[in-house]
K.L.:
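Okay, here's the structure, questions in a sec.
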Protein chains: 2
Amino acid sequence: MKPKITLKDIARELDVSISTVSKALKNSKEISKDTKDRIKAFAKFYNYRPNNIALSLKNRRTKNIGVVIPDIVHHFFTTVFRGIEKYANSMGYNVIICISDESFDKEVINMEMLANGSIDGFILSLSAETQRKNDYTHLKELLDQGIPIVLFDRVTEQIACDKVVLNDKGISTEAVEHFITAGANKIALVTTENFFNVSESRKEGYLQALKDNGMTVNQDLILTLPHSLDNTNLITEFFQQNEIDAVLCVNEIFAVQCMSVIQQLGYNVPNDISIIGFTDGILSKYSSPKLTTVAQHGETMGEKAAKFLIDRMESLEMEEAPFKTEIINATLIKRGSTIN
Amino acid sequence: MKPKITLKDIARELDVSISTVSKALKNSKEISKDTKDRIKAFAKFYNYRPNNIALSLKNRRTKNIGVVIPDIVHHFFTTVFRGIEKYANSMGYNVIICISDESFDKEVINMEMLANGSIDGFILSLSAETQRKNDYTHLKELLDQGIPIVLFDRVTEQIACDKVVLNDKGISTEAVEHFITAGANKIALVTTENFFNVSESRKEGYLQALKDNGMTVNQDLILTLPHSLDNTNLITEFFQQNEIDAVLCVNEIFAVQCMSVIQQLGYNVPNDISIIGFTDGILSKYSSPKLTTVAQHGETMGEKAAKFLIDRMESLEMEEAPFKTEIINATLIKRGSTIN
DNA sequence: TTGTAGGCGTTATCAT
DNA sequence: ATGATAACGCCTACAA
């Protein structure tokens, strides 16, 4: 058991002053080569490492980033997190993570907790409840205090800050057009309740594609599923009661559930009904047939978000750079659940 | 833009001393009700919150826990992490996370980085490379410095610390016996290279079950797959060249891959071949048929690990409590990929 | 009832 | 070339 050693310890042992030790270890040329060597050898032997906390206090920066995501079990957030972690680490930052669990209160409490000195900035994707309540005072307050925030994916226009989002609308249009090219004309959409900005955008993209191609919108072909429930029955009804030859799903769970129902009903994927889902996760890769999906490039989003944040934090006080929004281009990965 | 306010600021504004402010905010009865009220009102108005960093420095404890896991995309680690986060937060701790990415170096570097004051203790699952190298000096050093560590899942006997593991061997035996009860007698095992303690234990459990039931071991029925590669061909060969009526897989990816191959080859699951996988993740739930799996109760493991760590950290210096190993009982979730 | 002083570990500035 | 001092924000034993 050898507790951590401090500058003071070294100073005492070597009978010099603390500041001499500090300077010597920083290779200051104020100190004679002789003492420098002595001190360095001693420090090395006892494996001296400066105390991060003391440095944080002195420098008024922690080199920690707070990441707040709604959920860590979802593949998309997981990949974004990876990207953040990767870039942050490469820049010497640690990542403190909080799961809001889609709860407004948890989001607020966790952020306030971290904001009291533990982190230099936040990367955040809004919880469902926050988007539903449409209440962003906690974010405004943090920004007011000078703590930078980067929003990704689940963002809001009501907060002025750097953002990283997907071209949800555009890629949805592209997906639907992929159906149309293959001859589909009874195209369905399976989505979530619409307080999510992303679901909303995806729906817009879907509608846009229909419009651009002179097709009429049939509201019956839009299925809005409630959150966190077993939706199998709803989905089954949906496919029984409607004539459908293609379906766009806003996440991969819906996609794989639809596929399962469709096959159960005796249809063939993709010949009778084609499917495209969002999120190129593990489900999409291991289903049969493999799912055509919208790859959201989560890792790229994460890296970009981290870069935005660190750039802003390190541009010491020349902070008033205008806020940027980076749009990450999703791509369609064509696999077995669509024709072509 | 209103920067954070400090005790000093309050003291200056209210023309009292810093310690008076400090005491007042802690409701010390040394201070007159009058000044307390004045100070509290002011503090509340300016939304004073003590600076965590200063507290950490003073108290020599950060209330941060470092979590090091090999991978965040794997469902199992994700759920364990959830459990850790949940318990830690409820006890007022933050969680700093590092992904070792199965790399020894990343594991070492990250841990050393955090160990310099950023965290009070670690929860860790060993990286593949660390287990392969069998080198744990970094952990020993940290323990030497008085930093507590809790290992989970991927553990080693070479380190004396609290541990949380699964009854891998027992549950594997149980799984194989489930096959046997249903009439199987050509039971295969699909596993990873054996430097993982968990794979090793699962194999032992498999062998034990065969032995207990008077069945002979056929080495041909044990398929060892390399890490991170497309194994489809190996798996296909395996099922073509061997007569098999049941297969136990050490993770759910292998399980779902096997199922896919089996169905491709024209067999029926579970009638021709039954399957059981480890990890009750999303793949198992959304495959068809749904997979019978070993639920590892990751969240429980995480909570338990966090409890071990926090207990030890908070039992100030009466530390020499003996190290405990908690064995979490996995359970078999019977679904469509097995008979019964 | 209030204030002073010292310390947590480090660095920067200003002596000596 | 080396050391003393102050400061980061907070707490607390001890004075006043």
Side-chain angles (χ1 to χ4, degrees), chain A residues 3-40 42-43 46-64 114-120 145-147 316, chain B residues 3-40 42-43 46-64 113-120 145-146 316:
Chain A
K4 291 245 82 172
I5 193 177
T6 71
L7 287 185
K8 196 194 221 175
D9 298 329
I10 301 182
R12 185 171 9 82
E13 292 304 316
L14 262 44
D15 210 43
V16 290
S17 82
I18 293 179
S19 55
T20 302
V21 178
S22 175
K23 286 172 185 163
L25 292 178
K26 297 199 109 61
N27 234 324
S28 159
K29 48 191 170 180
E30 286 182 27
I31 308 295
S32 72
K33 177 160 184 351
D34 221 45
T35 32
K36 270 201 284 201
D37 288 349
R38 224 159 43 98
I39 291 175
K40 282 195 207 160
F42 190 92
Y46 283 100
N47 196 26
Y48 168 80
R49 295 273 180 280
N51 180 311
N52 291 331
I53 296 294
L55 288 178
S56 294
L57 186 58
K58 177 125 250 294
N59 302 331
R60 274 106 151 281
R61 58 191 317 225
T62 61
K63 288 233 156 197
N64 289 158
L114 291 183
N116 299 317
S118 298
I119 54 86
D120 299 334
Q145 286 172 29
I147 298 181
L316 310 163
Chain B
K4 292 245 81 172
I5 194 179
T6 71
L7 288 186
K8 197 193 220 172
D9 298 328
I10 302 182
R12 184 171 8 82
E13 292 304 316
L14 261 45
D15 210 42
V16 289
S17 82
I18 293 178
S19 63
T20 303
V21 178
S22 175
K23 287 171 185 162
L25 292 177
K26 295 197 112 59
N27 233 324
S28 159
K29 49 191 170 181
E30 285 182 27
I31 308 296
S32 72
K33 178 163 184 348
D34 222 46
T35 31
K36 269 200 287 200
D37 287 348
R38 223 162 42 98
I39 291 175
K40 281 195 208 159
F42 189 92
Y46 283 101
N47 196 26
Y48 169 79
R49 295 272 181 280
N51 179 310
N52 290 331
I53 297 294
L55 287 176
S56 295
L57 186 57
K58 170 126 256 287
N59 302 331
R60 274 100 153 281
R61 56 190 318 227
T62 60
K63 288 232 156 199
N64 289 159
M113 176 135 207
L114 292 183
N116 300 317
S118 298
I119 53 87
D120 299 334
Q145 286 171 27
L316 309 163

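Protein chains get the first letters and strands the later ones, always in sequence-line order, with residue 1 at the start of each.
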K.L.:
Is atom CG of Asp34(A) surrounded by more than 12 heavy atoms (other residues, nucleotides or ligands) closer than 6.0 Å?
P.N.:
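Atom CG in Asp34(A) is not packed in, count stays at 12 or less.
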
K.L.:
Of all residues at least two apart in sequence or in a different chain, which pass the side-chain hydrogen bond (donor to acceptor under 3.5 Å, both in side chains) check with Lys33(B)?
P.N.:
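Scan of Lys33(B) (side-chain hydrogen bond (donor to acceptor under 3.5 Å, both in side chains), adjacent residues dropped) gives Asp37(B).
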
K.L.:
Show every salt bridge (charged side-chain N to carboxylate O under 4.0 Å, His left out) that has at least one partner inside residues 15-28 of chain B, sequence neighbours left out.
P.N.:
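Found Lys23(B)-Glu30(B).
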
K.L.:
Listed in order of residue number, which residues of residues 21-33 of chain A have a non-hydrogen atom at under 4.0 Å from DNA chain D?
P.N.:
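Contacts with DNA chain D under 4.0 Å: Lys23(A), Lys29(A), Glu30(A), Ile31(A), Ser32(A).
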
K.L.:
Per the end-axis method with five pairs at each terminus, what is the bend angle of the helix from dT1(C)-dA16(D) to dT16(C)-dA1(D), to 10°?
P.N.:
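Both end axes considered, the difference amounts to 70°.
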
K.L.:
If I take atom NZ in residue Lys63(B) and atom C1' in nucleotide dC8(C), what distance separates them, rounded to the nearest angstrom?
P.N.:
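So the NZ-C1' distance, Lys63(B) to dC8(C), works out to 18 Å.
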
K.L.:
What is the distance, to the nearest angstrom, from the CG atom on Asn52(B) to the C1' atom on dC8(C)?
P.N.:
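So the two atoms are 16 Å apart, to the nearest Å.
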
K.L.:
Please report, rounded to the nearest Å, how far the P atom of dT10(C) is from the CZ atom of Arg60(A).
P.N.:
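Interatomic distance, CZ of Arg60(A) to P of dT10(C): 19 Å.
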
K.L.:
My understanding is that only residues two or more places apart in sequence, or in another chain, count here; which of them pass side chain to side chain contact (heavy atoms under 4.5 Å, CB included) with Thr35(A)?
P.N.:
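In terms of side chain to side chain contact (heavy atoms under 4.5 Å, CB included), with neighbours along the sequence ignored, Thr35(A) is linked to Ile31(A), Ser32(A), Arg38(A).
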
K.L.:
In whole angstrom, what separates Asn51(A)'s CG from dT11(C)'s P?
P.N.:
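Taking atom P of dT11(C) as the reference, CG of Asn51(A) is at 10 Å.
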
K.L.:
Can you list the residues that meet the side-chain hydrogen bond (donor to acceptor under 3.5 Å, both in side chains) rule with Asn59(A), with sequence neighbours excluded?
P.N.:
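Scan of Asn59(A) (side-chain hydrogen bond (donor to acceptor under 3.5 Å, both in side chains), adjacent residues dropped) gives none.
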
K.L.:
Counting the atoms with a prime plus P, OP1 and OP2 as sugar-phosphate, which does Ser56(B) contact under 4.0 Å by heavy atoms, base, sugar-phosphate, or nothing?
P.N.:
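It contacts nothing in the nucleic acid.
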
K.L.:
At less than 4.0 Å, is any side-chain N or O atom of Arg49(A) found next to OP1 or OP2 of dG9(C)? Yes or no.
P.N.:
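The answer is no; no side-chain N or O of Arg49(A) sits under 4.0 Å from OP1 or OP2.
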
K.L.:
First and last nucleotide of DNA chain D touching chain A, 5' to 3', heavy-atom cut-off 4.0 Å?
P.N.:
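First-to-last contact on DNA chain D, by the 4.0 Å heavy-atom rule, is dA1(D) to dG9(D).
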
K.L.:
Please give, in whole Å, the distance from dT2(C) C1' to Asp15(B) CG?
P.N.:
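Those two atoms, CG and C1', are 12 Å apart.
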
K.L.:
What is the distance from NZ of Lys58(B) to P of dT10(C), rounded to the nearest Å?
P.N.:
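These atoms are roughly 16 Å apart.
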
K.L.:
Under the ring-ring contact (aromatic ring centres under 6.0 Å, His included) test, which residues partner Phe42(A), sequence neighbours left out?
P.N.:
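Tyr46(A).
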
K.L.:
Can you name the side chain to side chain contact (heavy atoms under 4.5 Å, CB included) partners of Ser22(A), sequence neighbours left out?
P.N.:
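With neighbours one apart ignored, the set is Leu7(A).
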
K.L.:
Who are the side chain to side chain contact (heavy atoms under 4.5 Å, CB included) partners of Ile53(B), not counting sequence neighbours?
P.N.:
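Side chain to side chain contact (heavy atoms under 4.5 Å, CB included) list for Ile53(B), sorted by chain: Ile53(A), Ser56(A), Leu57(A), Thr62(A), Asn51(B).
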
K.L.:
Quick one: on DNA chain D, does Asn59(B) or Ile18(A) contact a more 5' nucleotide (nearest heavy atom)?
P.N.:
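Closer to the 5' end of DNA chain D: Ile18(A).
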
K.L.:
Taking only side-chain nitrogens and oxygens of Thr20(B), does any of them come within less than 4.0 Å of OP1 or OP2 of dT2(C)?
P.N.:
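Answer is no, no contact under 4.0 Å.
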
K.L.:
Who pairs with Lys58(A) by side chain to side chain contact (heavy atoms under 4.5 Å, CB included), at least two apart in sequence or on another chain?
P.N.:
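So Lys58(A) forms no side chain to side chain contact (heavy atoms under 4.5 Å, CB included) with any residue.
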
K.L.:
Which residues in residues 4-14 of chain A have a heavy atom closer than 4.0 Å to any atom of DNA chain D?
P.N.:
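Within residues 4-14 of chain A, no residue comes under 4.0 Å of DNA chain D.
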
K.L.:
Side chain of Ser19(A) only, heavy atoms from C-beta on: which candidate in dT10(C), dG9(C), dA12(C) is closest?
P.N.:
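That would be dA12(C).
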
